Amino acid sequence: MSEAPMLTGLARQLVNADLLDERAAAQAQAQALRNKIPLVSYLVQNKLASSRAVAEIASEQFGVPLCDLKAIDKDSQPHELVSEKLCRQHRVLPLYRRGNKLFVALSDPTNHQAVTDIQFSTGLSTEALLVEDDKLGDAIDKFFEAANSGMEELADVDLDGIDVQAVDDGKDDGVAGESADDAPVVRFVNKMLLDAIRGGSSDLHFEPYEKTYRVRFRTDGILQEIARPPIQLAPRISARLKVMAALDISERRRPQDGRIKMRISKTKSIDFRVSTCPTLWGEKIVMRILDPSSAQMGIDALGYEPGQKDLYMAALKQPQGMILVTGPTGSGKTVSLYTGLNILNTVDVNISTAEDPVEINLEGINQVNVNPKQGMDFTAALRAFLRQDPDIIMVGEIRDLDTASIAIKAAQTGHMVMSTLHTNSAAETLTRLRNMGVPSFNIATSVSLIIAQRLARKLCSHCKKEVQIPHEALLEEGFPQEQLGSFKIYRPVGCENCNGGYKGRIGIYEVVKNTPALQRIIMEEGNSIDISAQMRKDGFNDLRTSALLKAMQGITSLEEVNRVTKD
């Protein structure tokens with residue numbers, strides 16, 4: 001009776017299963033604790049219970065799947081993810097990886113610390129599988145005998161090489177991230193950067209809170225938690241990132257902006273735009289991944305419908321006029337603009353851009369970072385461009401009347417002007433310019449094309465599944481009645497090739513040409529409702545209609561359509 005309360009976890013379950021009596025279990029538990037080894041190992045080594053029996057009972061009682069190590073493909077085991085020290089310390093073995101999930105083998109289902117430490121070390125979601133203890137020990141020895149043939153060294157070169165490439169030359173004197181104490185932090189940060197690139201993420205968020213610290217990636221437009229490092233490491237992780245971006249590590253009370261350049265290979269490099277922001281519990285750091293190849297995908301890869309593509313290409317061929325791309329932050333406006341600039345970027349034209357900041361470097365285009373503190377704002381940059389014999393001007397964003405006025409005058413005097421606005425639709429773009437103070441006549445005569453856009457997640461082609469939806473529900477969603485029955489609607493499922501049933505994103509567009517009927521409404525100072533109605537009469541699809549078309553084509557789901565568009 002007195003020994004029963006002492007039994008915990010696995011020992012208690014072995015007694016309940018009649019594999020051990022209470023006295024033997026209590027003695028084994030105490031002795032394993034003194035020897036600093038897992039209870040399972042102590043029982044098997046001292047032949048108090050068979051390895052197979054313990055594994056079967058532990059699997060049943062704790063709900064951890066039982067795995068046969070003979071069925072694991074040794075060639076596919078990830079040698080580079082978990083260090084030998086960590087594996088031997090916790091008596092675990094990495095088995096295989098599926099996307100952002102790592103599966104590991106262990107013999108003690110109560111060893112939650114092992115899963116936590118591996119999850120922190122790798123930045124991957126970690127799931128345990130139960131194996132027999134004696135077979136696990138042999139498997140760990142054989143695994144690292146093979147790994148020591150050179151794989152571990154190769155993994156070190158990979159991570160350390162990133163560090164060397166990322167640091168700004170001449171500005172990393174001293175620092176954080178170079179000492180032996182900070183080596184784990186350096187490797188952790190490098191691992192996060194690599195994983196974000198490999199996973200196709202667009203942003204990394206390093207976020208400190210009162211008692212926790214988390215790292216999240218934005219992949220296909222959705223934030224996902226990737227890791228939870230110990231809160232004590234927050235200042236060192238922040239310092240490391242700031243050193244890599246050549247920021248002032250002693251300044252923690254003001255926002256800072258910087259940039260990191262990472263060379264992936266001899267021909268490919270990735271830039272990270274780094275932004276720090278002081279919060280209640282430390283500095284939040286967000287890194288935007290800037291991949292130059294995204295601007296060179298070509299217009300066919302962006303998701304324009306054939307008629308919309310033709311309108312955009314026709315506008316780009318005009319010698320003058322203004323093309324406006326609108327949408328919220330993260331809707332792909334920059335990629336749309338740069339795709340157009342890439343088409344126009346030939347040796348016989350002079351192209352200048354003013355951006356805050358320059359996100360993608362393009363050879364043959366004169367790019368200017370606006371810096372209001374030094375007197376170089378959008379207005380000043382535009383005035384300078386007009387004295388430099390321009391053919392095409394791109395303004396990162398029209399934010400005020402001065403910038404809008406100069407841009408419109410440039411469009412009226414023989415220049416092609418491209419820019420962005422933060423509005424929700426094409427109709428609202430025209431009324432926004434008027435609300436800024438731009439005369440209606442100037443809007444009507446200068447704006448030639450408006451592109452409103454969103455980004456929707458694409459269904460995974462490997463696992464998407466057809467879903468049956470009643471015709472009444474489809475009509476309520478806005479699908480055309482005459483086409484009901486001629487298309488299929490799919491839903492996300494989720495597999496090892498995707499993130500929750502989705503992989504990649506595609507643009508949803510409202511492309512509107514400025515027609516004479518629209519010009520008349522603008523001149524009469526009609527509101528956005530009047531303008532939108534005329535756009536529909538002229539045959540231009542709104543965002544909702546374009547999104548439903550993508551669902552009818554099986555590219556995205558109805559849930560995703562409803563997420564990115566509103567009725």
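On a predicted model such as this, the values are computed, not experimentally measured, just so you know. Heads up: numbering here begins at 1 and tracks the sequence.
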I need the minimum non-hydrogen distance between [X] and [Y], along with the two atoms involved.
| X | Y | value |
| --- | --- | --- |
| A315 | L449 | CB-CD2, 3.7 Å |
| A547 | I508 | N-CG2, 3.6 Å |
| V447 | I450 | CG1-CG1, 3.8 Å |
| G199 | T219 | O-CG2, 3.5 Å |
| K333 | G327 | NZ-O, 3.1 Å |
| S546 | Q308 | OG-NE2, 3.3 Å |

Qualifying residue for side chain to side chain donor-acceptor pair (under 3.5 Å) with E127, from K101, Q119, R98: K101
Flag the pair [X] / [Y] as yes when at least one side-chain heavy-atom distance between them is below 4.5 Å, and no otherwise.
| X | Y | value |
| --- | --- | --- |
| S419 | M322 | no |
| R214 | Y209 | yes |
| L421 | M436 | yes |
| R228 | F120 | no |
| M287 | L241 | yes |

Residues E225, R216: salt bridge by 4.0 Å N-O rule: no
Among side-chain atoms of [X] and [Y], is any donor-acceptor pair under 3.5 angstrom?
| X | Y | value |
| --- | --- | --- |
| N100 | R198 | no |
| S336 | Q453 | yes |
| D538 | T515 | yes |
| T339 | N342 | no |
| T423 | R432 | no |
| Q388 | N350 | no |
| D400 | T403 | yes |
| S528 | T431 | no |

Rounded distance (nearest 0.5 Å) linking atom OG1 of T556 with atom CZ of R505: 11.5 Å
side-chain contact (heavy atoms from CB on, under 4.5 Å) between E466 and I489, intermediate numbers included: CA-CA 6 Å; E466 185 181 353; I489 299 295; over 6 Å; no
K458 and D220: CA distance, side-chain angles, deciding distance, salt bridge (Lys or Arg N to Asp or Glu O under 4.0 Å) verdict: CA-CA 9 Å; K458 294 165 63 178; D220 294 336; over 6 Å; no
Name of the residue among R254, K242, R236, R253 meeting salt bridge (Lys or Arg N to Asp or Glu O under 4.0 Å) with E283: K242
Candidate list E477, M552, R563, test side chain to side chain contact (heavy atoms under 4.5 Å, CB included), partner L558, passing option: E477
Matching residue for M394 among M418, M416, Q367 - test: side chain to side chain contact (heavy atoms under 4.5 Å, CB included): M418
Parallel, tilted or perpendicular, as decided by the 30° and 60° cut-offs, for the rings of Y213 and F206: tilted
Verdict with supporting geometry, D356 and F378, side-chain contact (heavy atoms from CB on, under 4.5 Å): CA-CA 9 Å; D356 184 19; F378 283 119; 3.9 Å; yes
Near-ring test Y312/Y509, centroid separation under 6.0 angstrom: no
Residues F540, V511; criterion side-chain contact (heavy atoms from CB on, under 4.5 Å); working and verdict: CA-CA 7 Å; F540 303 120; V511 181; over 6 Å; no
Atom CZ of R252 with >12 non-hydrogen neighbours under 6.0 angstrom: no
Over 12 foreign heavy atoms within 6.0 Å of NZ, K284: yes
Kindly say whether [Y] contributes a backbone atom to a donor-acceptor pair with the side chain of [X] at under 3.5 angstrom?
| X | Y | value |
| --- | --- | --- |
| Q224 | R218 | no |
| T429 | S425 | yes |
| N371 | M376 | no |
| T545 | L543 | no |
| R454 | N424 | yes |
| S201 | D203 | no |

Chi angles and distances behind the side-chain contact (heavy atoms from CB on, under 4.5 Å) call for V564, L455: CA-CA 7 Å; V564 300; L455 287 177; over 6 Å; no
K464 charged N/C atom sitting above Y490 aromatic ring, 6.0 Å / 45°: yes
